[in-house]
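Contents: one structure, followed by commentary.
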Amino acid sequence: MSTNVVASLKRLTRPINWRRTFPWIDEPRQVLIGAVIVLAGLLLCMALIDTGATRFARSLPRSIVDFFNFLTDFGKGAWVLWPLGLAFIALAALPRAVTPIAQAVQAAIMVRVGFLFVAIGLPGLFSSIVKNMIGRARPGVPGRIDPFVFDPFHWTPAYAGMPSGHATTAFAVLAAVATLWPRWRTVALIYAVVIMISRIVVQAHFVSDTLLGAVVGVVGVVLIRRWFAAQRLGFAITPDGHVHQFPGPSGRRIKAVARELLA
């Protein structure tokens, strides 16, 4: 098992052509424009929407809040990352397949599980660090509803509102699932939106917190997908700079390989 894991990490961390992988390096103006648009949208949301949305959430019946309080728990990264991590370890512990086709199927499954783990886990980790650096107060923390209360580097949960970690995870799940299985994007979108709304209803976050979390989750998956493509792990970068996904194994192939490995 350790050999498979080490080999996977070495493959994932090989040197890459940074400019080809992330062409935005040579076009910082586009990145700056995008950042300004996001910042302007967040400021408008903070000024025009956050307070009203929080007051509306406070006026909701307790039964509705309790329902969303139950749903919001499914936005925690542990619900996704633990199964993916255990699945990757289980795959790494399997003996190496004998036939070349079976080896390719085994490798393709490991790559997809690994991609999901990294694409969902890293944006969540980034969000957890950045939210404490930004230090935005959660709704009602200073004793009033004020979306403009910040205490950078406070490093307490009360001042770790922006971005929403649940929203980051939910939208990373959406982007990652839509990347690998486009047919499931509608289901993943419903999940992500429900988690986003739940964070507002339970008054854990302002609307702008969840919007920034959504941006972090989606952008994080896009960047990680390009990193995997640079390593030709499940994806490849075409000559025109677009990311192409390698076709995955069919259910019939997976079953055949499973029988071979478990025989």
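Computed from a predicted model, the values in this text were never measured in an experiment.
- Hydrophobic clustering (side-chain heavy atoms under 4.5 Å, transitive across Ile, Leu, Val, Met, Phe, Trp, Tyr) keeps Val207 apart from Tyr159.
- The environment of CZ in Phe67 is sparse: at most 12 heavy-atom neighbours from other residues, nucleotides or ligands sit within 6.0 Å.
- With contacts defined as side-chain heavy-atom distances shorter than 4.5 Å, the pair Leu81/Phe117 qualifies.
- The aromatic rings of Phe153 and Trp155 are tilted relative to each other, their planes meeting at an angle between 30° and 60°.
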Under the salt bridge (charged side-chain N to carboxylate O under 4.0 Å, His left out) criterion, do Asp209 and Arg136 qualify, and how do the steps go? CA-CA 9 Å; Asp209 296 334; Arg136 188 190 192 186; 2.6 Å; yes
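- Under the 3.5 Å distance criterion, the side-chain polar atoms of His244 are left unmatched by any main-chain donor or acceptor of Ala236.
- Annotation for Phe126: atom CZ does not count as buried by contact number, only 12 or fewer foreign heavy atoms lying within 6.0 Å.
- Heavy atoms only, all atoms of each residue included: Arg199 and Val202 are closest at O-CG2, 3.7 Å.
- Nearest approach of Thr168 to Pro123, heavy atoms of both residues: CG2-O, 3.4 Å.
- With hydrogens and angles ignored, the 3.5 Å screen pairs no side-chain donor or acceptor of Arg226 with any backbone N or O of Phe22.
- Inter-residue side-chain proximity for Arg14 and Gln231 is flagged as met; some heavy-atom pair is nearer than 4.5 Å.
- Contact record, Phe171 with Met196: CE1-CE, 3.4 Å, taken as the closest heavy-atom pair.
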Applying side chain to side chain donor-acceptor pair (under 3.5 Å) to Arg185 and Thr179, what does each step give before you reach the verdict? CA-CA 8 Å; Arg185 61 178 176 267; Thr179 295; over 6 Å; no
Side chain to side chain contact (heavy atoms under 4.5 Å, CB included), that's the test. Do Ile237 and Arg232 meet it? Break it down for me. CA-CA 8 Å; Ile237 300 177; Arg232 296 189 65 82; over 6 Å; no
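- Although no hydrogens or angles enter the test, the distance criterion places no donor-acceptor pair under 3.5 Å between the side chain of Asp151 and the main chain of His154.
- Here the CE atom belonging to Met46 is positioned 6.0 Å from the CG atom belonging to Leu43, to the nearest 0.5 angstrom.
- Checked by atom type and distance alone, the side chain of Thr169 never pairs as donor or acceptor with a backbone atom of His166 at under 3.5 Å.
- The cluster map of Ile, Leu, Val, Met, Phe, Trp and Tyr, joined by side-chain heavy atoms under 4.5 Å apart, puts Ile200 and Val193 in the same cluster.
- A 4.5 Å side-chain heavy-atom check between Pro139 and Ile145 finds every atom pair outside the cut-off.
- Nearest heavy atoms, Asp50 versus Ser208: OD2-OG, 2.6 Å.
- Follow the hydrophobic side-chain contacts under 4.5 Å out from Phe246 and you never reach Ile16; the two are in separate clusters.
- No side-chain heavy atom of Trp227 sits less than 4.5 Å from a side-chain heavy atom of Val118.
- Distance check: Gln203 CD to Arg55 CZ gives 12.0 Å after rounding to the nearest 0.5 Å.
- Although no hydrogens or angles enter the test, the distance criterion places no donor-acceptor pair under 3.5 Å between the side chain of Arg19 and the main chain of Ile25.
- Following chains of ILVMFWY side-chain contacts shorter than 4.5 Å, one cannot reach Val194 starting from Phe206, and the two form parts of different hydrophobic clusters.
- For the pair Asn132 (side chain) and Ser128 (backbone), a donor-acceptor distance under 3.5 Å is present.
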Could you give me the CA-CA distance, side-chain angles and deciding distance for Phe115 and Leu233, then say whether side chain to side chain contact (heavy atoms under 4.5 Å, CB included) is met? CA-CA 9 Å; Phe115 169 74; Leu233 291 170; over 6 Å; no
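- Within the 4.5 Å cutoff, the side chain of Leu174 has no heavy atoms near those of the Tyr191 side chain.
- Using a 4.5 Å heavy-atom cutoff, the side chains of Met162 and Val130 are not in contact.
- Around the CZ atom of Phe70, the shell of radius 6.0 Å holds no more than 12 heavy atoms that belong to other residues, nucleotides or ligands.
- With a 4.5 Å cut-off on side-chain heavy atoms, Val65 and Arg62 count as touching.
- For Ser198 (side chain) and Ile195 (main-chain N/O), a donor-acceptor pair under 3.5 Å exists by modelled atom type.
- To the nearest 0.5 Å, atoms CD (Glu27) and CD1 (Ile33) are separated by 10.5 Å.
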Can you list the steps and then say if Phe68 with Thr72 is a side chain to side chain contact (heavy atoms under 4.5 Å, CB included)? CA-CA 6 Å; Phe68 278 97; Thr72 199; 5.9 Å; no
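- If you take CG on Leu42 and CD1 on Ile37, they are separated by 12.0 Å, rounding to the nearest 0.5 Å.
- Going from atom CG of Leu32 over to atom CH2 of Trp24 covers 16.0 Å, rounded to the nearest 0.5 Å.
- Nearest heavy-atom pair across Arg58 and Gly140 is NH2-CA, 3.6 Å.
- Pairing each heavy atom of Ala176 with each of Val221, the nearest pair is N-CG1, 3.8 Å.
- Atoms CG and CG, from Leu44 and Leu211 in turn, are 11.5 Å apart once rounded to the nearest 0.5 Å.
- Using a 4.5 Å cut-off between side-chain heavy atoms of Ile, Leu, Val, Met, Phe, Trp and Tyr, with links allowed through other members, Trp82 and Met110 fall into different hydrophobic clusters.
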Side chain to side chain contact (heavy atoms under 4.5 Å, CB included) between Arg112 and Leu180, worked out: CA-CA 8 Å; Arg112 280 159 175 74; Leu180 295 180; 4.2 Å; yes
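- Applying the 6.0 Å contact sphere to CZ of Phe148 captures more than 12 heavy atoms from other residues, nucleotides or ligands.
- Using cut-offs of 30° and 60° on the angle between ring planes, the pair Phe235 and Phe228 is perpendicular.
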